[in-house]
Amino acid sequence: MSALAKSYEPSAVEEKWYAWWLEHRHFLADPASPKPAYSLVIPPPNVTGVLTLGHVLNNTIQDILARRARLTGHEVLWLPGTDHAGIATQTVVERALRKQEKKTRHDLGREEFLKRVWQWKEKHGGIIIAQLKKLGCSCDWSRERFTMDTAYARRVQEIFVDLYHQGLIYRGKRMVNWCPVSLTALSDEEVIPKPQKGYLYHFKVEVIDQPDTFLEIATTRPETIMGDTAVAVNPRDPRYRHLIGKTARRPLPIENQATLPIIGDEAVDFEFGTGVLKVTPAHDKADYEIGLRHGLPMVDILNPNGTLNELAGEDFAGLDRFEARVEAVEKLRELGVLVKEEPYENNVGFSERTDVPIEPRLSEQWFLRYPRTAEARAAVRDGLIQFFPERWERVYDHWLENIQDWCISRQLWWGHRIPVWYRETNGTSPVRDQDRETSVLCQIDPPGEGWVQDPDVLDTWFSSWLWAHETMDEPTRKKFYPTSALVTGPDIIFFWVARMIMAGLEYMRDVPFRQVYFTGIIRDKQGRKMSKSLGNSPDPLDLIAKYGADGLRYGLMRIAPQGQDIRFDEQQIVEGRNFCNKLWNACRFRMLQGPVDPEANPFRHELSIFAKNLLSMLHEATCRIETGYANYRFSEIAQTLYDFVWSEFCDRFIEAAKADLGDPARKAGTLATTDYTLRRVLLLLHPFTPFVTEELWHGLGFGPGSVQFAGWPQAEEIAREPNAEAVFRAATLARTLRANYNIPSNRRLRWLVQPQESWVTAELAVLRALLNAESVEPVDGQPAGAAACPTEIGV
RNA sequence: GGGCAGGUAGCUCAGCGGUAGAGCGGCAGUCUUACACACUGUUGGUCGGGGGUUCGAUCCCCUCCCUGCCCACCA
C-alpha cells in the first residue's frame, strides 16, 4: 500500500472492502451484546423492484446512521428485506404471462399462477438486494426477511384473526374504490386525485306531475344516468323546494325511462351547477349516502371491468364507460334534452398502480377499524416518537383525527389469503352470508369438509404494518425493539408510518421507533418527479460505475437538506467523486512523507501556528457534525466535512506544511498534526463514504481493524490562531497583486515584506511556499519601484 | 375549499436581525514536485412583488404573486 494510484479508482476498492466486511461479519447484530443497541428496519422495497435514486437517498441515510452508531460504540441492527407488493408484482407477472404465453392468470388457475409468481420472485427478487450491497449498505443480511415468508405470513393471518375476534375487522357491502383494470378494491390511500379536463353536461328532465316543467341537471358522468334512482335538490332551495315529493322522468335508457322521485337532501349544494343533482347510489360515494338516507334502490349498471351491463339498456350494454359517455350525450341530444356542454375541469381519482380512473363501486369487502388511534396520536403529540422535520407531525395528526376504516381485502391472488371460511352450500360458490355465527369461521387452519376459504387476499400494507416487530425473533426484540429510527419518504406517512405505530402499540405495547426521519423527494432539474415513463430517472448503478458508490452517496447527501425535495443534478455527483479524490490525494501526500503514526498526538509537540489553527478548526467541525447528527441535518455534516477537508486541511494546512515539513523544528509537530487530523477525518467521513475511508484507513496504517469500529473522535478544544489566518490572507492579497499585474502564476518572484510584528519573520518560509515564490525576504522600509499592498502582517 | 413547503448569483443550494456565502459554470492565468477529478485570481445577486416593525431586515409581521406537495364526497 505504499504506492497509491494517482487518482482514486472506486470499483476494485468497493468490491474488496464489501467482501471483507461480510467476511468479518461486521454487519451482524448480536442480541447478546453488552453494547447499547441501535436499530433500524429498512422500508422494504418491492421484491421485484430495481434501485432508484429515491432508494439511494433513503438507504444511504440509513447506512450513515448505522455506521455512525457502530462508531459511537453501539450494537447495530439494520434489518433488511423486501415486500411482496401484491398488485405491482401480480401485474408484472400477468403481463409477462400474456406476452410470453398469451395466457391470463385464469387460464393457469390460482395454484399454478402463484407458482409462477414465486418463480418470478426467485428470479428477480434478488436484484434490489444486490444493488443495495453495491451502495455499501451495512445491513445484517443474515436476517433478510420477506413479507411472504412462512413465519411472517402466519403472523399476518394470526393478527387478522385476532382483530376479527376483537370485532375490529368486519365484512360489509360498502362503496369502495374499484380499479377496473386490476379488478380489485383499493384503499382510499391508493387513489390519487388528478385534475381532468372534461365537460359539465346540462340536460333536463320532465317533472311528471307537472307537465312542461323541466328540471335542469348538471353532470360530468352522463353515462351513469341509467343507474339514477332519484333527483335531489336542497330542501332550503326556494327554486325547487316545492317540487320535492313529485317525480321526474329519467331519459335513459330510452326503452326504460323510469320514474324518479324528487327528493330533498342537505348534501345538495345549490350553488353548484343548476342546484339539481342526479342521484346514482351505486356509482358515487356521495350519492350512495343520499341513497341510504332515502332508501333508494341501488342500480349497478357496471361490470367489474368498467363496461356497462344489461341494466344499462340495450344501447349501452357492453360499451366501455368512456364510450358510453359519448353515447349517452348523443342520445340526450337526440331526445332534445341536452341543454349544453360546458368545458369543465374536475378531480378524478386514479389508481396509483394502474393509472386509470377508479370507479366507486358497491361491493362486499373486509374492513378494519383501526386499533389504538388515540394512543397513536398521543405517542407523537407527547414526543414518544419524534418526527424530523417536525411539520409532518401535524399531517400525521390530522389524518388520524379524521381516520376512516381501512378496506383491507383485495381481489388478487398474490398476497396473504384472508383466513376466513364459509360453509359450502351447493358445492360451487361460497355463500356470503352476513350471519357469522353459523356460516363464517375466522381461523387460519381449514375447518374441514364443507368449508371454502374466502378467495381474497389482504392489502400489502396489512402485512407491512407489522414489519417493525414481526421481522424479529424474541431475543432480537428484547434487545432492539423499539427501533431507534425509521427513515422513509413522507409519501408513505399514512400507508406505513401511521399504521406501523398503531400495530406496534397494539401488539408490542410500545411504539415501533423513537424517531422518524422523512427524506425529501428526488426530482429532476425541471422539478418533475423521477419516473420511469418520463425516462428522467438516472440508473443509480450507472452512476456508481461512473463516480463510485462513495461519490454518489456523498454528492447526494451534500445536496439533501433536511426533508426538503431535491433537484437532482449529475454535477453534484461529479463533485462527490472529486471530493473522494481530493481526500485520496491528501492521504497520498501524507504517505510520501514517511510512515504514519497511528497514535500521533500533536498536543505533545511544539506546534506551528498553522497546526494549532487546523486543530482548532477540526474541533469546531467536530462539534458542528455532532449537532448535525442530533438534528438529522446530513447536508450540513457533509458540507462541514467538505469545507474542512478541502479548504482548511488541503488548501491551507498542507500548503503551509510543505514549508514546515522542511523545518526540523516544526517537522515532528506538523506530521503529528497531519496524522491526528487524517485519522479523525476518516472516522468522521466514514458513515458518508465508507469505501474510500476504509481503504485509506488501512493504507495509512490505522488498521488492521475496520474503521467503523474505531470509535468516534472526541473533539479537543484549542483556540484559533489569528496569526495563521493573517498569513493566509496576506498570501491571497499578494496573489491578487500579482494577478493585477498580469504576471503568470508560473513565474517565480521575489517578494519583500516589511514585518509588522516580530513573529512574522519566522513565517516567511511558509509564505514563500504559499506564493510559489523565488524568495520572501524581510525589509526595513519600502523599496522604491516595486508594487505593494498593505496586509495584516506588514506591507 | 383548507393546509404545508419553497421562491437568494447562469445552475444546485447555505445563511434566517448587523456591511450578501459555497460549489459548479463563465472569464483570465497555471501541468507550482498529493490531486487538471487540480491550483491561483476574478466576474456574477435592488435575497419573488408591495407594505410594516426596527437605529438597522434576505432574516420578524401583514399582504399579494408564482412553483410544488398534502388533505377535502361539490355532482
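Just so we're on the same page: letters track the sequence lines, and every chain starts at 1.
- Here rG23(B) presents its P atom at 17 Å from CZ of F644(A), a figure rounded to the nearest Å.
- When each of rU12(B), rC71(B), rA34(B) is scored by its nearest atom to the side-chain atoms of H398(A), the top-ranked nucleotide is rC71(B).
- No contact: R738(A) has no heavy atom under 4.0 Å from any strand.
- For rG17(B) and rU12(B), the C1' atoms lie 27 Å apart once the distance is rounded to whole Å.
- A donor atom on one side chain and an acceptor atom on the other are found under 3.5 Å apart for Y370(A) and R499(A).
- Here the separation of rG15(B) from rA20(B), taken at their C1' atoms, is 9 Å to the nearest Å.
- In this structure rG6(B) sits in a base pair with rC66(B), meeting the Watson-Crick or G-U test at under 3.5 Å.
- rC39(B) and rC35(B) have their C1' atoms separated by 9 Å, given to the nearest Å.
- Look at T280(A) and you won't find any side-chain N or O under 4.0 angstrom from OP1 or OP2 of rA75(B).
- Spacing of C1' atoms, rG3(B) relative to rC37(B), comes out at 45 Å, to the nearest Å.
- For P744(A), whose side chain is taken as the heavy atoms from C-beta onward, the closest listed nucleotide among rU12(B), rG29(B), rG41(B) is rG29(B).
- rG23(B) shows a glycosidic angle more than 90° from 0 and is accordingly assigned anti.
- The base of rA22(B) has none of its N or O atoms less than 3.5 Å from a complementary donor or acceptor on the side chain of E575(A).
- Across all strands shown, rG56(B) forms no Watson-Crick or G-U wobble pair with both distances under 3.5 Å.
- Regarding contacts with the backbone of rC73(B), every side-chain N or O of R293(A) stays at 4.0 angstrom or more from both OP1 and OP2.
- Between E216(A) and K340(A), no side-chain nitrogen of the basic residue sits less than 4.0 Å from a carboxylate oxygen of the acidic one, so the salt-bridge criterion is not met.
- When the C1' atom of rC71(B) is taken as reference, atom CD1 of I493(A) falls 12 Å away, rounded to whole Å.
- Pair check for rA38(B) finds rU30(B); Watson-Crick or G-U wobble, both atom distances under 3.5 Å.
- Among the heavy atoms of the strands lying under 4.0 Å from R633(A) are primed sugar atoms or P, OP1, OP2 only; no base atom is included.
- Within 4.0 Å (heavy atoms only), E655(A) reaches at least one base atom of the nucleic acid.
- Using a 4.0 Å heavy-atom cutoff across all strands shown, Y201(A) reaches no nucleic acid atom at all.
- Here E774(A) does not pair with R748(A) in a salt bridge; the nearest charged N to carboxylate O distance is not below 4.0 Å.
- Comparing the same atom, P, in rG7(B) and in rC60(B) gives a spacing of 11 Å after rounding to whole Å.
- By the 4.0 Å N-to-carboxylate-O rule, K285(A) lies close enough to D188(A) to be salt-bridged with it.
- Side chain of D651(A), nearest nucleotide from rA75(B), rC73(B), rU40(B): rU40(B).
- A739(A) comes within contact range of the sugar-phosphate backbone alone, with a heavy-atom separation under 4.0 Å but no base atom that close.
- Put simply, R577(A) has no side-chain N or O that comes within less than 4.0 Å of OP1 or OP2 on rC37(B).
- Taking the ring centre of Y676(A) as origin, the terminal cationic atom of R680(A) falls inside the region bounded by 6.0 Å and 45° from the ring axis.
- Dashed line: the shortest gap from a side-chain N or O of K285(A) to OP1 or OP2 of rA75(B) is not under 4.0 Å.
- S7(A) comes within 4.0 angstrom of a nucleotide base, judged by non-hydrogen atoms across all strands.
- In this entry the distance linking NZ of K194(A) with P of rA72(B) reads 17 Å, nearest Å.
- A close approach under 4.0 Å does not occur between any side-chain nitrogen or oxygen of Y396(A) and OP1 or OP2 of rC70(B).
- Taking atom P on both rC27(B) and rG48(B), the two are 29 Å apart, rounded to the nearest angstrom.
- Ring-plane geometry between F579(A) and Y554(A) is classed as parallel, the angle between the planes falling under 30 degrees on a 0 to 90 degree scale with a further cut at 60.
- Here the options are W496(A), F387(A), F388(A), the test is ring-ring contact (aromatic ring centres under 6.0 Å, His included), and the partner is F518(A); only F387(A) passes.
- Contact check, K658(A) against rA34(B): a side-chain N or O comes under 4.0 Å of OP1 or OP2.
- For the pair R679(A)/L700(A), no side-chain contact is recorded, criterion being any heavy-atom separation below 4.5 Å from C-beta on.
- Comparing atom distances between the D643(A) side chain and each of rC74(B), rU12(B), rA22(B) picks out rA22(B) as nearest.
- Considering only the side chain of D269(A), rA75(B) comes nearest among rU12(B), rC70(B), rA75(B).
- Across all strands shown, rU46(B) has no partner, as no Watson-Crick or G-U wobble contact with both distances under 3.5 Å is found.
- Of the two residues near RNA chain B, Y344(A) and R588(A), the one whose nearest nucleotide lies more 5' is R588(A).
- Contact annotation: N581(A) does not reach the phosphate of rA38(B) (side-chain N/O to OP1 or OP2, under 4.0 Å).
- Comparing F589(A) and W646(A) against RNA chain B, the residue whose closest nucleotide sits nearer the 5' end is F589(A).
- Nearest nucleotide to the N578(A) side chain, out of rG23(B), rC37(B), rC35(B): rC37(B).
- Note on C580(A): nothing from the nucleic acid sits closer than 4.0 angstrom, heavy atoms only.
- Closest to the Y642(A) side chain, of the nucleotides rG23(B), rC71(B), rA72(B), is rG23(B).
- Remark: the K6(A) side chain and the rC35(B) base include no donor-acceptor N/O pair separated by less than 3.5 Å.
- Taking side-chain N and O atoms only, T732(A) has no distance below 4.0 Å to OP1 or OP2 of rU40(B).
- Base contact: V268(A) has a heavy atom under 4.0 Å from a base atom.
- Residue C650(A) has its side chain nearest to rA34(B) when only rA34(B), rA5(B), rC24(B) are considered.
- Taking the six-membered ring where the residue is Trp, the centroids of W646(A) and Y642(A) are separated by under 6.0 Å.
- Distance CZ (R325(A)) to C1' (rA75(B)): 12 Å, rounded to an integer number of Å.
- Taking atom C1' in both rU53(B) and rC62(B), one finds a spacing of 11 Å when rounded to whole Å.
- Each of rC4(B), rU40(B), rA34(B) was ranked by its minimum atom distance to the side chain of R735(A); first place goes to rU40(B).
- The CG-P distance, from D397(A) to rC70(B), rounds to 19 Å in whole Å.
- For S187(A) and E190(A), the side-chain atoms include at least one donor-acceptor pair closer than 3.5 Å.
- The gap from the P atom of rG21(B) to that of rU33(B) amounts to 33 Å, rounded to the nearest Å.
- Across all strands, I521(A) comes closer than 4.0 Å to no nucleic acid atom at all (heavy-atom distances).
- Atom pair D265(A):CG and rA75(B):P shows a separation of 16 Å (rounding to whole Å applied).
- In this structure, the nucleotide among rC37(B), rA34(B), rC70(B) sitting nearest to the side chain of F494(A) is rC70(B).
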